[in-house]
2 protein chains.
Amino acid sequence: MARLPGYLRALTALAADGTLSVSSEELASAAGVSSAMLRKDLSHLGSYGVRGVGYDVDRLSSEIAAALGLTQDWPVAIVGMGNLGRALAAYRGFAERGFRVIALLDRDERVVGEVVAGTRVRSTADLPALVEDDGLAIGVIATPPEGAQEACDELVDAGVRSVLNFAPVVLSVPDEVVVRKVDLSTELQILAFHGQRLAVAEAVAP
Amino acid sequence: MARLPGYLRALTALAADGTLSVSSEELASAAGVSSAMLRKDLSHLGSYGVRGVGYDVDRLSSEIAAALGLTQDWPVAIVGMGNLGRALAAYRGFAERGFRVIALLDRDERVVGEVVAGTRVRSTADLPALVEDDGLAIGVIATPPEGAQEACDELVDAGVRSVLNFAPVVLSVPDEVVVRKVDLSTELQILAFHGQRLAVAEAVAP
DNA sequence: ACGACTTTGTGAACACGGGCACAAAGTGAC
DNA sequence: GTCACTTTGTGCCCGTGTTCACAAAGTCGT
């Protein structure tokens, strides 16, 4: 169900335009998928469409938001206050989507206490308290590769079950923990691969 | 071939440890895939393994780097100097992997001329010159969602054929252009979905 | 009230990618 | 030189996820 966020985004845009109802064809093209796929995905949520008409934009938005668990705010902690961590801390995109950054953490005692993006950096030793007292549920790993597994272990030990990993390493975690990976280098290397193929193709048949 | 960067990373780590040769089993576990898959992937590049022994670390690294087109530096431009764009401009992770950020661009004339991360912000109107004179090949879109398609069109018109999109929209591009998407909100929403499922499961069977 | 039309929901065909298992090929000891 | 052992390369099978195509269900005009 990795496509639900995309549908939700398309629906939000439609709602902002004042659209009340949308067909699978329209919504699918706005979300960049095929209409058959969209209908199959939505049918798994339940039958919220009306044959001959389409889907009610508001109704479907609510259903998807509920399915994704976006009816509540999710507390997030960012671990690792290097370049990337500071960038993420300053990025306002989290809050806009219902994710509240409640803590910035670092292992290094020299960084702890520093103020980044208006928030005081705390020690990773505070993690159990954050989970217990503030309901911390999602950890973002923005450490260097060497420290990523350790940061991840601390998060898991404290009770965090969802991790977003920006470090270019494969994390090993227990089965009940979900790790999503965002890897800028990998994406760029895939683009380089494409650039290379284009260059070769042009050299052969200019 | 989206796994090649992962293999390359694992190989680099092995080389740093002084390892000369590696079996598919070892390399696969370091990269987080199955050994059968690793062997199949590598066989597509050519037969660089020796039966009974394994793969030569240096040799394989070179072959993968060559296949990915990492023998050259790739010039990159970042479009959109908002929060995210500034964060990316300050992030040193690009340069470490052979990607040179040669330009920071913005559409807004009030931002053009400002100095971000030591570099003067230029206008998106400079794009054709950057492609022509500096060999710009990869564009990074860090604009707000509303401006993303326009930024993308400008990149494509100027001749850029590889785009890394951070904006939460579906970009439409000609067939020869490759777009990779990095979407923090989507990743977080998938994690929220997981958190929600965990919470529900615990409520049912505590 | 009825019929033409639109659009959903879904069963069935299809395609792709991953895993299994084994033959081929090389190494090293004796 | 031969034999036992290791590890690659690959043909085949299987499961998941996607597309196709159509029947069911509803709307709207007359």
Side-chain angles (χ1 to χ4, degrees), chain A residues 1-8 10-11 14-15 19-64 67-68 170 172 175 178-181 186 190 193-194, chain B residues 1-8 10-11 14-15 19-64 67 170 175 178 180-181 186 190 193-194 197:
Chain A
M1 290 284 142
R3 285 182 296 268
L4 287 182
Y7 301 157
L8 185 56
L11 283 167
L14 286 169
T19 311
L20 297 176
S21 179
V22 66
S23 72
S24 62
E25 203 74 50
E26 294 171 290
L27 182 54
S29 94
V33 300
S34 78
S35 64
M37 200 154 121
L38 177 91
R39 288 201 299 275
K40 188 151 281 188
D41 285 345
L42 294 186
S43 77
H44 286 299
L45 292 180
S47 290
Y48 301 121
V50 179
R51 298 176 189 224
V53 177
Y55 299 88
D56 180 274
V57 172
D58 282 343
R59 174 85 193 286
L60 192 53
S61 290
S62 310
E63 295 293 347
I64 293 180
L68 286 174
V170 180
S172 62
D175 285 346
V178 169
V179 176
R180 304 282 308 181
K181 193 171 162 187
T186 295
I190 292 171
F193 173 69
H194 173 247
Chain B
M1 289 284 144
R3 286 182 296 270
L4 287 182
Y7 301 156
L8 185 55
L11 284 167
L14 286 169
T19 311
L20 297 177
S21 179
V22 66
S23 73
S24 64
E25 203 73 50
E26 294 170 288
L27 182 55
S29 95
V33 300
S34 78
S35 65
M37 199 154 124
L38 175 89
R39 288 201 300 275
K40 190 159 285 187
D41 285 346
L42 295 187
S43 76
H44 286 300
L45 291 180
S47 291
Y48 301 123
V50 179
R51 299 178 187 218
V53 176
Y55 299 88
D56 180 275
V57 171
D58 282 342
R59 174 83 193 286
L60 192 54
S61 291
S62 310
E63 294 293 347
I64 294 181
V170 180
D175 285 346
V178 168
R180 303 280 310 180
K181 193 171 161 188
T186 295
I190 292 171
F193 174 70
H194 174 247
R197 287 187 64 89

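Side-chain atoms are counted along with the backbone in the values below, which use heavy atoms only and exclude waters and symmetry mates. Just so it is clear: chains get the letters A, B, ... in the order the sequence lines come, proteins before strands, and each one is counted from 1.
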For B:Leu42 and B:Tyr7: C-alpha separation, side-chain torsions, deciding distance, then whether side chain to side chain contact (heavy atoms under 4.5 Å, CB included) applies. CA-CA 10 Å; B:Leu42 295 187; B:Tyr7 301 156; 4.3 Å; yes

Going through the checks in order, is the side chain to side chain contact (heavy atoms under 4.5 Å, CB included) test met by B:Leu11 and B:Val57? CA-CA 6 Å; B:Leu11 284 167; B:Val57 171; 4.2 Å; yes

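Regarding A:Glu25, its CD atom lies at a distance of 16 Å from the C1' atom of C:dC5, rounded to whole Å. Atom C1' of nucleotide C:dT8 and atom CG of A:Leu27 are separated by 13 Å, given to the nearest angstrom. One interatomic measurement links the two molecules: CG of A:Asp56 to C1' of C:dT7, which rounds to 15 Å at whole-angstrom precision. When the P atom of D:dG15 is taken as reference, atom CE of B:Met37 falls 18 Å away, rounded to whole Å. Here the P atom of nucleotide C:dG18 and the CG atom of B:Asp41 are 7 Å apart, to the nearest Å. In this structure, CG of B:Leu45 is placed 11 Å from P of D:dG9, rounded to the nearest angstrom. Atom-to-atom, OH of A:Tyr55 to C1' of C:dT7 comes out at 9 Å; the value is rounded to the nearest Å. Between B:Leu42 atom CG and D:dT7 atom C1' there is a gap of 13 Å when expressed in whole angstrom units.
Of the side-chain N and O atoms in A:Ser47, one or more sit less than 4.0 angstrom from OP1 or OP2 of C:dG9. Distances shorter than 4.0 Å separate none of the side-chain N or O atoms of A:Ser34 from OP1 or OP2 on D:dT18. A close approach under 4.0 Å does occur between a side-chain nitrogen or oxygen of A:Ser24 and OP1 or OP2 of C:dT8.
The side chain of A:Arg39 lies closest to C:dT10 when the candidates are C:dT7, C:dT10, D:dT8. Distances from the side chain of B:Arg3 to the nucleotides D:dC20, C:dA21, C:dG18 place C:dG18 closest. Closest to the side chain of B:Val53, from the set D:dG9, C:dT8, C:dT27, is C:dT27.
Residue A:Arg51 places a side-chain atom within donor-acceptor reach of the base of C:dT8, judged by atom type and a 3.5 Å distance cut-off alone.
Nearest-nucleotide positions on DNA chain C place A:Tyr48 closer to the 5' end than the other of A:Lys40 and A:Tyr48.
Distance check, rounded to the nearest 0.5 Å: NE2 of B:His44 to CG of B:Leu4 gives 10.5 Å.
In this structure, A:Ser35 reaches neither bases nor backbone, as no heavy-atom distance under 4.0 Å exists between it and the strands shown.
Taking the side chain as every heavy atom from C-beta outward, A:Val178 and B:Ile190 never approach each other to under 4.5 Å.
For the side-chain contact (heavy atoms from CB on, under 4.5 Å) with B:Ser24, the lone residue among B:Met37, B:Arg39, B:Lys40 that qualifies is B:Arg39.
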